[in-house]
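First the structure, in the form of structure tokens, and then the observations on it.
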Amino acid sequence: MSDELAVVEPSADGADGVVLRVRGEVDMSNADGVGDRVAAMVRGNSGAVLDLSAVEFLDSQGLRMLYQLSRRLGDAGTSLTLLAPRDTVAGEALRLAALDRDLDVRDTLGA
Amino acid sequence: MTGFCRAYPAEAIQLRVLRGELRSWLGSISAEVNVSQFLLAVGEACANAVEHAYIGREIGMVHVEVKPTGTGDLVVEVRDHGRWRPPSNVWGDRQRGTALMRRLTRDFDRQTTTTGTTVTFLVPGTGRPR
């Protein structure tokens, strides 16, 4: 659905591969739309980074979307890295749900 | 201190409205809680109602009540008048949602009767030693 609850945009930090940033809130009303937008923007790349540092809300439907997006991109040859420091809303939610064990979740992009 | 007591149509689009109003309310009472954890816990409880309570029926309301305890904690009650449906999807979103709620709160309880479901829990305050 088209709404302004969350924005997906190319990040200025993009150096190696595609780096996208999500701003705003992700819940059951827009999670799949956000996932579709990301998938369309990273198509054809071998790697992509999704910067979730600026996400202000992320619920279990948002977490499901990230899990499915990672699988879906992986099947298409694109490895997805989630940038979600543990002191951010998204970083906290991913770790609470133990999804940092299944997905490539990072505190920083260095190293 | 004044409590929060409002009702919303059980629709996904209402969750953002609820969060906005809860944020304002938390600010108005100067609540000392982890705001993102509080919003996540209440949001999951309401998402349950949106997903399950009124399937195949006219959309009903979700009632959200939050009361400060006086010792800095927040007691939350989320109530619908629908029928609880067990989660059916493979990934188990609702189990994850419930697991999140349990991890974020204390005294979590869910009561389902033929007339609806009531979820209650306590969100601990952060303003005093734990």
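The chains referred to below are lettered A, B, ... by the order of the sequence lines, with proteins before strands, and numbering in each begins at 1. None of these values were measured; they are calculated from a predicted model.
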Query - Sub-4.5 Å side-chain heavy-atom contact between B:R96 and A:L63 - result: no

Query - CG on A:L58 to CG on B:L39, rounded to 0.5 Å - result: 12.5 Å

Query raised in the report: Same cluster for A:L66 and A:L96 if Ile/Leu/Val/Met/Phe/Trp/Tyr side chains link at under 4.5 Å?
Result: yes

Requested in this report: Starting at CD of A:E92, measure out to CG of B:L40 and round the result to the nearest 0.5 Å.
Outcome: 8.5 Å

Report task. Kindly check if the number of other-residue, nucleotide or ligand heavy atoms within 6.0 Å of CZ (B:R103) is above 12? Result -> yes

Query raised in the report: Taking a hydrophobic cluster as the set of Ile, Leu, Val, Met, Phe, Trp and Tyr residues connected by side-chain heavy atoms closer than 4.5 Å, whether directly or through intermediates, do A:V7 and A:V38 fall within one such cluster?
Result: no

Requested in this report: Sort B:R23 into side chain, backbone, both or neither according to what part of it lies under 4.5 angstrom from a heavy atom of chain A.
Outcome: side chain

Report task. Check whether B:L15 and B:I59 end up in the same hydrophobic cluster, where Ile, Leu, Val, Met, Phe, Trp and Tyr are linked by side-chain heavy atoms less than 4.5 Å apart. Result -> no

Query - Side-chain ion pair, B:R19 and A:E25, N-O less than 4.0 Å - result: yes

Query raised in the report: Checking B:L100 against chain A: side chain, backbone, both or neither under 4.5 Å from a heavy atom?
Result: side chain

Query raised in the report: Do B:M61 and B:V119 belong to the same hydrophobic cluster, where Ile, Leu, Val, Met, Phe, Trp and Tyr are linked whenever their side-chain heavy atoms lie under 4.5 Å apart, directly or via other members?
Result: no

Query raised in the report: About how many Å separate OG of A:S29 and CD of B:Q14, when rounded to the nearest 0.5 Å?
Result: 10.5 Å

Requested in this report: Check B:S36 against A:V89 and note the closest heavy-atom contact, atom names and distance.
Outcome: CB-CG2, 3.8 Å

Query raised in the report: If you group Ile, Leu, Val, Met, Phe, Trp and Tyr by side-chain heavy-atom gaps below 4.5 Å, do A:V8 and A:V26 land in one group?
Result: yes

Query raised in the report: CE/A:M28 to CZ/B:R16 distance, rounded to the nearest 0.5 angstrom?
Result: 11.5 Å

